[in-house]
Enquirer: 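Here's a structure for you.
These numbers were taken from a predicted model, which means no experiment stands behind them. Naming: A, B, ... by sequence-line order, numbering from 1 per chain.
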2 protein chains.
Amino acid sequence: MRKPQILEAAAAVITERGLSNTRIADVAERAGTSAPAVLYWFDTREQLLTAALIADEEDFAARVGARLESASSAAEKLMLLIDATVAEPRIDLWIELWARSLHDPEAARERLRRDRVWRSLFAEVVVAGRAAGEFDAGVDPDLAALSIASFMDGLSVQMTLRDPAITPELMGDLLVAHAESILGARISGALDAEAVGA
Amino acid sequence: MRKPQILEAAAAVITERGLSNTRIADVAERAGTSAPAVLYWFDTREQLLTAALIADEEDFAARVGARLESASSAAEKLMLLIDATVAEPRIDLWIELWARSLHDPEAARERLRRDRVWRSLFAEVVVAGRAAGEFDAGVDPDLAALSIASFMDGLSVQMTLRDPAITPELMGDLLVAHAESILGARISGALDAEAVGA
DNA sequence: GGGTACTTTGAACGACGGTTCAGCTTTCGG
DNA sequence: CCGAAAGCTGAACCGTCGTTCAAAGTACCC
């Protein structure tokens, strides 16, 4: 069962050469096999590419979701989410997925599904924080999630494209400020505070 | 001199079929000419595509810039910028340009240049509004511009990809709220106010 | 140790589409 | 008119993959 290796190889190649420049042979080589072998597992190149994008996305969300378990307060969870995004700007693949979604219904459907999962991570945190009295009681979780996640996307694009106007620290600061303004709460320092305090 | 027509046709085809699916023949057909004729004006397909993306972008910025002239207050200008973006979601081409920038230095350079122009529209408005006492005196124009423009990008992506969670009105509201929070000023209603008042 | 299903391979096919090219038409200055 | 430059055309060329296929391993079960 080489499917996982192939998907991983595909994600790597896509990151490196771009979606449209990714050839089956490239993926095969990186996975240590041959082009027809790849096509044995995936009926077509299109399928392979879409599957790779989605698999990578699922991977990331799962990893981040796991990290959230260890956090105690909602503020800390939020900081973790921001941190993870700033530290690991794998927006490369998102941009490719977006571009693909524009003209591939299958990709569009999947990207919507994955985005919902991603945003629900935020929404859950907001719900928890609201219940715990950490955040404003009047905040709409879904709206807050949409707002924060969208801001993240926009900033990530600039970061990934190496805009000199933005640095990881700056991106983090802007996100924190935005979240605090929306949620009516202080969250910056939640990470250190947890480590120091308790 | 058919260059303009060809560029226009190219932008249309790219929007419709996506960058990587755009064939020279498609562009030629839409421009009412032949593939070799297109290649007469542009040495290569790559050049054509990059040029088309940039030309379209320049076009949009110029159009919006012109509209700004007519506004009197900074708040109104800001509302116009938000309005223009919400109303005309041509992020399609931006996404394509982003994806291309990931692996094409030429595209990356151009996209950076164009983004600077776009953001400077915001920065100038902030400077003016600050001078006029409309906005907080402590606001950093470039930072505010980066923040607002990035948020716009993120939201536009969701809009363009037809995320059911977002509507034009909602997008406008979120942007206005964000801008107001950053600038410490009320800008919503600036458009109507101008029309009614004065 | 033979059968069966699964996996992989090398080689070749075939289409698509960018690019080239030789020549035709048009424009325009003198 | 003439000739040269500019603009364009149809047709062909050709490289690049995605994909197919027949045959060869490989693993596993009875």
Side-chain angles (χ1 to χ4, degrees), chain A residues 1-56 93 96-97 99-108 110, chain B residues 1-56 92-93 96-97 99-107 110:
Chain A
M1 187 51 158
R2 321 204 50 158
K3 237 171 168 171
Q5 291 92 303
I6 294 177
L7 284 174
E8 201 177 333
V13 175
I14 294 172
T15 304
E16 194 169 301
R17 324 190 23 137
L19 200 51
S20 54
N21 290 322
T22 295
R23 288 161 298 184
I24 294 185
D26 298 329
V27 176
E29 187 183 11
R30 182 173 291 240
T33 180
S34 66
V38 170
L39 285 184
Y40 173 79
W41 293 102
F42 300 88
D43 286 349
T44 174
R45 172 175 176 267
E46 300 293 290
Q47 258 178 50
L48 165 66
L49 295 180
T50 307
L53 290 176
I54 290 162
D56 182 85
L93 292 186
E96 302 283 6
L97 181 58
R100 193 179 192 68
S101 297
L102 288 171
H103 307 98
D104 172 359
E106 164 74 8
E110 279 304 330
Chain B
M1 189 53 160
R2 320 203 51 160
K3 238 172 167 172
Q5 291 91 304
I6 293 177
L7 284 174
E8 201 177 333
V13 175
I14 294 171
T15 304
E16 194 170 300
R17 324 191 24 137
L19 201 52
S20 55
N21 289 323
T22 295
R23 287 161 299 185
I24 294 184
D26 298 329
V27 176
E29 187 182 13
R30 182 173 295 237
T33 181
S34 67
V38 170
L39 255 357
Y40 173 80
W41 293 102
F42 300 88
D43 286 349
T44 174
R45 172 176 177 266
E46 300 292 290
Q47 260 179 48
L48 165 66
L49 296 180
T50 307
L53 289 176
I54 291 162
D56 182 88
D92 290 51
L93 291 186
E96 303 283 7
L97 182 57
R100 191 177 194 70
S101 297
L102 288 171
H103 306 99
D104 172 358
E106 164 76 8
E110 278 305 329

Enquirer: Do A:Glu96 and B:Leu102 come within less than 4.5 Å of each other through their side chains, counting heavy atoms only?
Expert: yes
Enquirer: Might you point out which heavy atoms bring A:Ile6 and A:Val27 nearest each other, and give the distance in Å?
Expert: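 That would be O-CG1, 3.8 Å.
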Enquirer: Do you know which two heavy atoms are closest between A:Ala11 and A:Ala52, and how far apart they sit?
Expert: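 Closest pair (atom of A:Ala11, atom of A:Ala52, distance): N-CB, 4.2 Å.
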Enquirer: Just how large is the angle between the end axes of the helix from C:dG1-D:dC30 to C:dG30-D:dC1, five pairs per end, to 10 degrees?
Expert: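 About 10°, once rounded to a multiple of 10°.
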Enquirer: Do B:Leu7 and B:Phe42 have side-chain heavy atoms sitting under 4.5 Å apart?
Expert: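 Counting from C-beta outward, B:Leu7 and B:Phe42 do come under 4.5 Å.
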Enquirer: Could I get a table of every N or O pair under 3.5 Å where one atom is in the protein and the other is in nucleotides 16-18 of chain D?
Expert:
from: D:dC17; atom 1: OP2; to: A:Arg23; atom 2: NH1; distance (Å): 2.5
from: D:dG18; atom 1: OP1; to: A:Arg45; atom 2: NE; distance (Å): 2.9
from: D:dG18; atom 1: OP2; to: A:Ile24; atom 2: N; distance (Å): 2.9

Enquirer: Salt bridge check, A:Arg23 against A:Glu29: does any charged N sit closer than 4.0 Å to a carboxylate O?
Expert: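 No.
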Enquirer: For nucleotides 6-13 of chain D, just jot down a letter per nucleotide in 5' to 3' order: B, S or -, based on protein non-hydrogen atoms under 4.0 Å.
Expert: SBSBBB--
Enquirer: Spell out, as yes or no, whether a donor-acceptor pair under 3.5 Å connects the side chain of A:Arg45 to the backbone of A:Thr22.
Expert: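 Such a contact is found between A:Arg45 side chain and A:Thr22 backbone.
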Enquirer: Do the side chain of A:Arg17 and the main chain of B:His103 share a donor and acceptor less than 3.5 angstrom apart?
Expert: no
Enquirer: Would you name the heavy atoms of B:Ala28 and B:Ala35 that are closest together and state the gap between them?
Expert: CB-N, 3.5 Å
Enquirer: Would you call B:Glu46 and B:Arg100 a salt bridge, taking side-chain N to carboxylate O under 4.0 Å as the test?
Expert: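 So B:Glu46 pairs with B:Arg100 through a salt bridge.
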Enquirer: Looking only at heavy atoms, what is the nearest atom pair of A:Val13 and A:Arg30, with distance?
Expert: CG2-NE, 3.7 Å
